Amino acid sequence: MKIDGTAFRSLWLDETDRWSLRIIDQTKLPWAVEMPRLTTLDQVAHAISAMLVRGAPLIGATAAYGVAIAMRADPSDAALQQAITTLSATRPTAINLRWALNRMESLLRDHPKVERAEAAYAEAAAICDEDVATNHAIGRHGLGLIRSRASAGRRVNILTHCNAGWIATVDWGTALAPIYLAHDEGIDVHVFVDETRPRNQGASLTAWELGKHGVKHTVIVDNAGGHLMQRGEIDMVIVGTDRVTNAGDVCNKIGTYLKALAARDNGIPFYVALPSSTIDWTISDGLTDIPIEERATTEVTTMTGRALDGSIATIRIVPKDSLVVNPAFDVTPARLVSGLITERGVCAASAAALSQMFPEYGRQNAV
Ligand SMILES: CSC[C@H]1O[C@H](OP(=O)(O)O)[C@H](O)[C@@H]1O
């Protein structure tokens, strides 16, 4: 997508050396656009764990290049295992990380060591190119759902939670891809953006990227979504996801489940957009089988933003003696999901529909 008229992906190889990795540091957005250069495995691992890059597909793509950078430094079996282990430990919930590392390991394990670096860079590039094509396909399939609500030039109001836009992927995004395509074809689409406490991916990232593309949007506090639904101001909900089970349970940013409950109570369709790389075919019950990341309590006790004097400041918003917990994700049961928008089309959130949409996987891990 574009930043002030210049096209970007959310990660790319440095133009001068063609082996180090450039990213957009998402912890600096929306106040600054910084594009640091990563040259070591540890720098890539830190970028994922500290959420300089985040979003399930982007985490996987970044990890793939982390393996390539590691193989360039040392193509030994030990170095390969160390890279897989280090990167696997960065974040537990998004299945795309495991998916990408499994793909890299399967390719490289039996590869001649002298060719491992070249093969790793080629596979990481393929993962990125596939992600771009996959997300554009998700956009096309989701566009149909928006078109059907845009009769006679009527504005379509969509609520989204967290950031599942182009900067959560290599490009286009998942939940935001249909919105970008609708905007580009002239549909009057407007997005209610959940701020998404505690890290505010909505207020800081979704609002930023929608604004850069000229998409009309309104930032709301997380707790306002149900109220707007009750008042008929939301036509549909589209969110992303970090892991979907083979039965259609959806793990996504904390707070998603509450939006799904409110949508069901108000008869509003609740869609989840995802590439098939986000489906965990080995599990069916999201509540018991998906590891929920617990992040630092400082994400809850402090807020970072631009002070009135223009400086970037971090302030404490919780008493020092208060206990704090910070689960980063929750699970929305399949029964609350109206449909899954995938690269192959929209399907029901059910084992039968998923195995029919993806027969090559469904048979292997039938529930
Ligand atoms: C397209 S995946 C987006 C997904 O990832 C986010 O999690 P995080 O910001 O912690 O990486 C969030 O759950 C989004 O829905």
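Since the model is a prediction, treat every value here as computed from it, not as a measurement. First listed ligand is number 1; within each ligand, the first listed atom is number 1.
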If we number the atoms of ligand 1 from 1 as shown, the ones under 4.0 Å from a heavy atom of Ala56 are 2 (S), 5 (O)
Would one find an N or O of Arg54, backbone or side chain, under 3.5 Å from an N or O of ligand 1? yes
Are any of the side-chain nitrogens in Asp235 or Arg155 under 4.0 Å away from the carboxylate oxygens of its partner? no
Salt-bridge test for Arg344 and Glu360: reply yes if a basic N is under 4.0 Å from a carboxylate O, no otherwise. yes
Whether Arg22 engages the ring of Trp12 as a cation-pi pair (distance to the six-membered ring centre under 6.0 angstrom, angle to the ring normal within 45°) should be assessed. no
Has ligand 1 got any nitrogen or oxygen that is less than 3.5 angstrom from a nitrogen or oxygen of Asn163? no
Of all the heavy atoms in Cys162, does at least one lie under 4.0 Å from an atom in ligand 1? yes
Determine the interplanar angle of the His136 and Trp172 rings, folded into 0 to 90°, and report it as parallel if under 30°, tilted if 30 to 60°, perpendicular if over 60°. perpendicular
Check whether any heavy atom of Thr241 sits under 4.0 Å from an atom of ligand 1. yes
Classify the contact between Met51 and ligand 1 as side chain, backbone, both or neither, using a heavy-atom distance cut-off of under 4.0 Å. side chain
Is it true that Arg243 and Asp280 make a salt bridge, defined as a side-chain N closer than 4.0 Å to a carboxylate O? yes
Would Pro57 count as being in polar contact with ligand 1, using the rule that some N or O on each side must be under 3.5 angstrom apart? no
Location of contacts on Lys253 toward ligand 1, heavy atoms closer than 4.0 Å: both
Using a strict cut-off of less than 4.0 Å between a Lys/Arg side-chain nitrogen and an Asp/Glu carboxylate oxygen, indicate whether Arg9 and Asp129 qualify as a salt bridge. yes
Contact atoms of ligand 1, heavy-atom distance to Arg91 under 4.0 Å: 8 (P), 10 (O), 11 (O)
So which heavy atom in the protein is nearest atom 1 (C) of ligand 1, and how far is it from that ligand atom? Thr174 OG1, 3.4 Å
Closest to atom 5 (O) of ligand 1 among protein heavy atoms sits Asp242 OD2, 3.0 Å
Is any side-chain heavy atom of Leu205 closer than 4.5 Å to a side-chain heavy atom of Arg54? yes
Within 4.0 Å of some non-hydrogen atom of Gln201, the atoms of ligand 1 are 8 (P), 9 (O), 10 (O)
Looking only at the side chains, is there a donor atom on one of Gln201 and Asp194 sitting less than 3.5 Å from an acceptor on the other? no
Do any N/O atoms on His161 end up under 3.5 angstrom from N/O atoms on ligand 1? no
Got the closest protein heavy atom to atom 15 (O) of ligand 1, with its distance? Asn252 OD1, 2.5 Å
Look at ligand 1 and say whether Glu293 reaches it with a heavy atom at a distance under 4.0 Å. no
Ring-face cation contact, Phe329 with Lys253, 6.0 Å cut, 45° max: yes
Under 4.0 Å, counting heavy atoms only: does Val239 come that close to any atom of ligand 1? no
Decide, yes or no, whether a salt bridge links Glu299 with Arg197 under the criterion of side-chain N to carboxylate O below 4.0 Å. no
